[in-house]
**Q** 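Can you keep this structure in mind? I'll have questions shortly.
All values derive from a computational prediction rather than experimental measurement. So you know, we letter chains A, B, ... as the sequences are listed, proteins then strands, and number each from 1.
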Amino acid sequence: MDIQALRAEQLQRAAEVVRHDDFDVMPPRLIGGADVGFEQGGDVTRAAMIILEYPSLKLIEYKVARIATIMPYIPGFLSFREYPALLAAWELLEQKPDLLFVDGHGISHPRRLGVASHFGMLVDVPTIGVAKRRLCGRFEPLDEEPGSQQPLMDKGEKIGWVWRSKKRCNPLFVSTGHRVSIDTALQWVQNCMAGYRLPEPTRWADAVASERTAFLRWQEG
DNA sequence: GCGACAG
DNA sequence: ATCTTGTCGC
């Protein structure tokens with residue numbers, strides 16, 4: 001793979017990312033969650049795509065796609081490693097979501113094209129990036145209280161929000177993926193909470209992609 | 001040169 | 001991401 005070529009592609013695509021609200025459906029009735037996991041020691045990439053009904057937040061569909069891993073993990077180039085499997089899972093969905101939560105960053109990326117933005121553009125769907133750790137940017141320390149937030153800044157630009165979703169838990173990094181503003185992205189993440197650190201779309205996608213016991217148990221009943 | 005570095 | 005049990009704290 002040619003990292004320089006991928007870097008150039010990121011810069012080109014980043015210029016096309018829509019950072020303002022551009023929903024077709026408001027409020028969204030179907031909200032999706034996407035995440036990726038690995039098998040066979042990393043040789044197989046497994047993508048999970050789940051659909052929740054809003055505002056009930058009930059799981060109404062989930063699909064899993066498996067493909068051969070094509071690229072190693074390189075910080076800043078995660079989307080190239082994960083989008084092929086995500087596309088495969090997306091094609092399997094019987095219903096497409098009005099808004100999609102992607103596990104990972106959106107524009108809070110060195111070149112403003114994290115996996116949430118990249119994938120959102122590929123399928124032209126509004127996306128929000130929800131990451132568990134920082135990739136770039138700086139932020140002031142957050143208060144201990146849940147709900148505290150701080151803007152994530154990079155090179156003089158606000159690229160997302162650092163938000164403490166739950167007591168004594170590390171904060172989440174929320175950013176625009178595609179067709180959703182930074183503030184609206186945080187608003188929808190907050191609208192999809194159910195008592196856990198992660199919002200429901202991301203939590204379910206993570207459970208399905210990693211075959212968590214919570215999901216396996218749910219799958220039976 | 002040194003440290004940072006989504007999943 | 002993944003390999004993995006118990007364990008400390010609310």
**Q** Just need the stems in DNA chain B: three or more back-to-back Watson-Crick or G-U pairs, each with both distances under 3.5 angstrom, sorted by first number.
**A**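 None - DNA chain B has no stem of 3 or more consecutive pairs.
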
**Q** Hey, what's the ring geometry for A:Trp188 with A:Tyr54, parallel, tilted or perpendicular (30° and 60° as the breaks)?
**A**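 Aromatic pair A:Trp188/A:Tyr54 classed perpendicular.
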
**Q** Is any side-chain N of the basic residue among A:Arg7 and A:Glu9 closer than 4.0 Å to the acidic one's carboxylate O?
**A**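 No salt bridge links A:Arg7 with A:Glu9.
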
**Q** Would A:Trp204 and A:Asp35 count as a side-chain hydrogen bond (donor to acceptor under 3.5 Å, both in side chains) here? Give the steps.
**A** CA-CA 9 Å; A:Trp204 275 110; A:Asp35 190 24; over 6 Å; no

**Q** May I ask you to say what A:Gly41 touches in the nucleic acid, namely base, sugar-phosphate or nothing, with a heavy-atom cut-off under 4.0 Å?
**A**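 Contact class for A:Gly41: none.
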
**Q** In whole angstroms, how far is the P atom of C:dT2 from the CD atom of A:Glu39?
**A**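 Taking atom P of C:dT2 as the reference, CD of A:Glu39 is at 9 Å.
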
**Q** List the residues meeting side-chain contact (heavy atoms from CB on, under 4.5 Å) with A:Ser79, not counting sequence neighbours, and say none if there are none.
**A**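 Applying side-chain contact (heavy atoms from CB on, under 4.5 Å) to A:Ser79 gives A:Val115, A:His118.
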
**Q** If you look at every strand shown and take non-hydrogen atoms under 4.0 Å, does A:Lys167 touch a base, only sugar-phosphate, or nothing?
**A**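 The answer is nothing, as A:Lys167 stays clear of every strand by at least 4.0 Å.
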
**Q** Heavy atoms under 4.0 Å, any strand shown: does A:Ser210 hit a base, just sugar-phosphate, or nothing?
**A**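 Sugar-phosphate contact only - A:Ser210 comes under 4.0 Å of backbone atoms but never of a base.
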
**Q** Which atoms form the tightest heavy-atom contact between A:Phe139 and A:Arg134, and what is the distance?
**A**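 Scanning both residues completely, I find the closest heavy atoms to be CE2-CD, 4.0 Å.
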
**Q** Assuming nearest nucleotide by heavy-atom distance, tell me which of A:Arg168 and A:Gly37 is located more 5' along DNA chain C.
**A**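 Nearest nucleotide further toward 5': that of A:Gly37.
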
**Q** Given a 3.5 Å cut-off on both pairing distances, which stems involving DNA chain C, each at least three consecutive Watson-Crick or G-U pairs, are present, if any?
**A**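 Listed by first number, the stems come to none.
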
**Q** What is the nucleic acid contact for A:Phe80, judged by heavy atoms within less than 4.0 Å: base, sugar-phosphate only, or nothing?
**A**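 Contact class for A:Phe80: none.
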
**Q** CD1 of A:Ile74 versus P of C:dA1: gap in Å, rounded?
**A**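 Rounded to whole Å, this separation is 18 Å.
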
**Q** Please report the distance, rounded to the nearest Å, between OH in A:Tyr73 and P in C:dT2.
**A**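 Rounding to the nearest Å, OH of A:Tyr73 and P of C:dT2 are 14 Å apart.
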
**Q** Under 3.5 Å, is there a donor-acceptor pair between the side chain of A:Arg13 and the main chain of A:Gln10?
**A**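 The answer is no, because no donor-acceptor pair under 3.5 Å joins these two groups.
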
**Q** Under 4.0 Å between a side-chain nitrogen and a carboxylate oxygen: does that hold for A:Lys96 and A:Asp124?
**A**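 Not counted as a salt bridge, because no side-chain N and carboxylate O are separated by less than 4.0 Å.
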
**Q** Can a salt bridge be assigned to the pair A:Glu157 and A:Arg19 using a cut-off of 4.0 Å between side-chain N and carboxylate O?
**A**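 Yes, A:Glu157 and A:Arg19 are salt-bridged.
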
**Q** Salt bridge or not between A:Arg203 and A:Asp103? Use side-chain N to carboxylate O under 4.0 Å.
**A**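 Salt bridge: no.
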
**Q** Tell me what A:Arg46 touches on the nucleic acid: a base, only sugar-phosphate, or nothing, going by heavy atoms under 4.0 Å.
**A**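 Sugar-phosphate only.
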
**Q** I'd like to check the side-chain contact (heavy atoms from CB on, under 4.5 Å) partners of A:Ala47; sequence neighbours left out, ordered by chain and number.
**A**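 Per chain and number, A:Ala47 pairs via side-chain contact (heavy atoms from CB on, under 4.5 Å) with A:Val36, A:Ala85, A:Leu86, A:Ala89.
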
**Q** So where does chain A start and stop touching DNA chain B, 5' to 3', when the test is distance under 4.0 Å to a non-hydrogen atom?
**A**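 Terminal contacting nucleotides, 5' to 3': B:dA4 to B:dG7.
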
**Q** Considering residues at least two apart in sequence or located in another chain, which fulfil the ring-ring contact (aromatic ring centres under 6.0 Å, His included) criterion with A:Phe77?
**A**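 ring-ring contact (aromatic ring centres under 6.0 Å, His included) list for A:Phe77, sorted by chain: empty.
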
